[in-house]
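Down below is the structure, laid out as structure tokens.
Remember, predicted model here, so these are calculated numbers, not experimental data.
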Amino acid sequence: MPNDAASSTPPNGDTPGGHPALPPAPPTTGRPHAGDGRAAPDTAAEARQGAAVLLATAVAGIALGLLWLWLAPRVPLVSDGRSVLLRESEAEHAVGADGVFVLLGLAFGALGALAVFLRYRQGGVAVVAGLALGGVLGSVLGWGTGTLLGPAHDVAAHARAVGEGVAFDAPLELRAYGALLAWPVAAMAVHLALTALFGPRDPEPERDPDPYGPPREAPRA
């Protein structure tokens, strides 16, 4: 007597309702994968990379502060015994100090983005976030380093110490606080450009024209 279960299934693998039978699902290995078949990125490793980038970028702000202190023009002051005045009333040294800080921030941002791209070419969002936050912290640290190691901030005491009619340097100050954003903006722009030009490309997904196998022949009348 023929087997009823075997006779209920057509020989071509179709179900009795006329729908093609789906192929069995491949066994899962339990490991997450990305959409293109590659292993999913390690979140903990990306977080460590981002923290390393943030720390290294922020520490580089000390170098920015030292260079700013060395390259920024000085503002000469002089005391007449009653008040402290600018020795050169039409000098633009104060604006020059802000300009030097902006140029240094742009240079540090571009070089830092290049170094991070070469080191972490496959880096994800954590690396980019570390680069941006590190640029902000580096700018603040550089600003603090330059002003702390620069001329004394107590102008009156400094004028009394040097004496009347003797020129001395004004404190190194940053008047345009928007200059603190030069570093992170330059870092983001350069890193984005490098990633767009030289970054890895995602492979195109392979498309199966007929996932259910070759087309069935039409039944003959």
Side-chain angles (χ1 to χ4, degrees), residues 42-77 84 86 91-159 161-162 168-196 198-199:
D42 189 352
T43 305
E46 285 190 1
R48 289 192 297 269
Q49 293 175 359
V53 170
L54 188 151
L55 181 61
T57 307
V59 171
I62 299 177
L64 182 144
L66 295 176
L67 287 175
W68 183 45
L69 178 61
W70 178 38
L71 298 175
R74 298 293 186 264
V75 179
L77 302 177
V84 179
L86 288 171
E92 297 180 355
H93 299 84
V95 179
D98 291 355
V100 170
F101 191 93
V102 170
L103 293 178
L104 289 174
L106 295 175
F108 271 72
L111 293 176
L114 177 60
V116 169
F117 177 78
L118 295 178
R119 179 64 179 86
Y120 302 108
R121 191 181 294 261
Q122 301 288 345
V125 178
V127 173
V128 177
L131 185 63
L133 295 177
V136 176
L137 294 178
S139 295
V140 175
L141 186 58
W143 174 32
T145 301
T147 54
L148 180 64
L149 300 180
H153 286 261
D154 193 345
V155 177
H158 199 176
V162 298
F168 61 95
D169 293 333
L172 184 60
E173 297 177 352
L174 188 64
R175 290 171 171 80
Y177 296 119
L180 297 173
L181 299 178
W183 186 337
V185 169
M188 290 295 96
V190 173
H191 191 273
L192 178 61
L194 292 174
T195 303
F198 308 107

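Side-chain atoms of Arg119 and Val127, non-hydrogen and from C-beta on, never get closer than 4.5 Å to each other. Leu194 has its side chain out of reach of Arg121: every pair of non-hydrogen atoms, C-beta onward, lies at least 4.5 Å apart.
The shortest heavy-atom contact between Pro151 and Ala170 is CG-O, 3.4 Å. Smallest separation of non-hydrogen atoms from Val128 and His191: CG2-CE1, 3.8 Å. The two residues Val53 and Tyr120 come nearest to each other via the heavy atoms CG2-CE1, 3.6 Å. When all heavy atoms of Pro76 and Arg74 are compared, the closest pair comes out as CD-O, 3.4 Å.
Residues meeting the side chain to side chain contact (heavy atoms under 4.5 Å, CB included) test with Ala179, sequence neighbours left out: Phe101, Val102, Leu174. Partners of Arg48 by side chain to side chain contact (heavy atoms under 4.5 Å, CB included), not counting sequence neighbours, listed by chain and number: Ala44, Ala45. Scored by the side chain to side chain contact (heavy atoms under 4.5 Å, CB included) test, Ala56 finds no partners at all (sequence neighbours excluded).
Going from atom CH2 of Trp68 over to atom CG of Leu149 covers 11.0 Å, rounded to the nearest 0.5 Å. Here the NE2 atom belonging to His153 is positioned 7.5 Å from the CG atom belonging to Leu172, to the nearest 0.5 angstrom.
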Could you go through residues 103-117 and list every donor-acceptor pair under 3.5 Å that involves a side-chain atom there, pairing it with any protein atom two or more places apart or in another chain?
none

With a cut-off of 3.5 Å and sequence neighbours excluded, list every side-chain donor-acceptor pair involving residues 132-146.
unit_1: Ser139; atom_1: OG; unit_2: Gly135; atom_2: O; d: 3.0
unit_1: Ser139; atom_1: OG; unit_2: Leu180; atom_2: O; d: 3.0
unit_1: Thr145; atom_1: OG1; unit_2: Leu141; atom_2: O; d: 2.7

Report task. Apply side-chain contact (heavy atoms from CB on, under 4.5 Å) to Met188 and Leu131, showing your working. Result -> CA-CA 8 Å; Met188 290 295 96; Leu131 185 63; 3.7 Å; yes

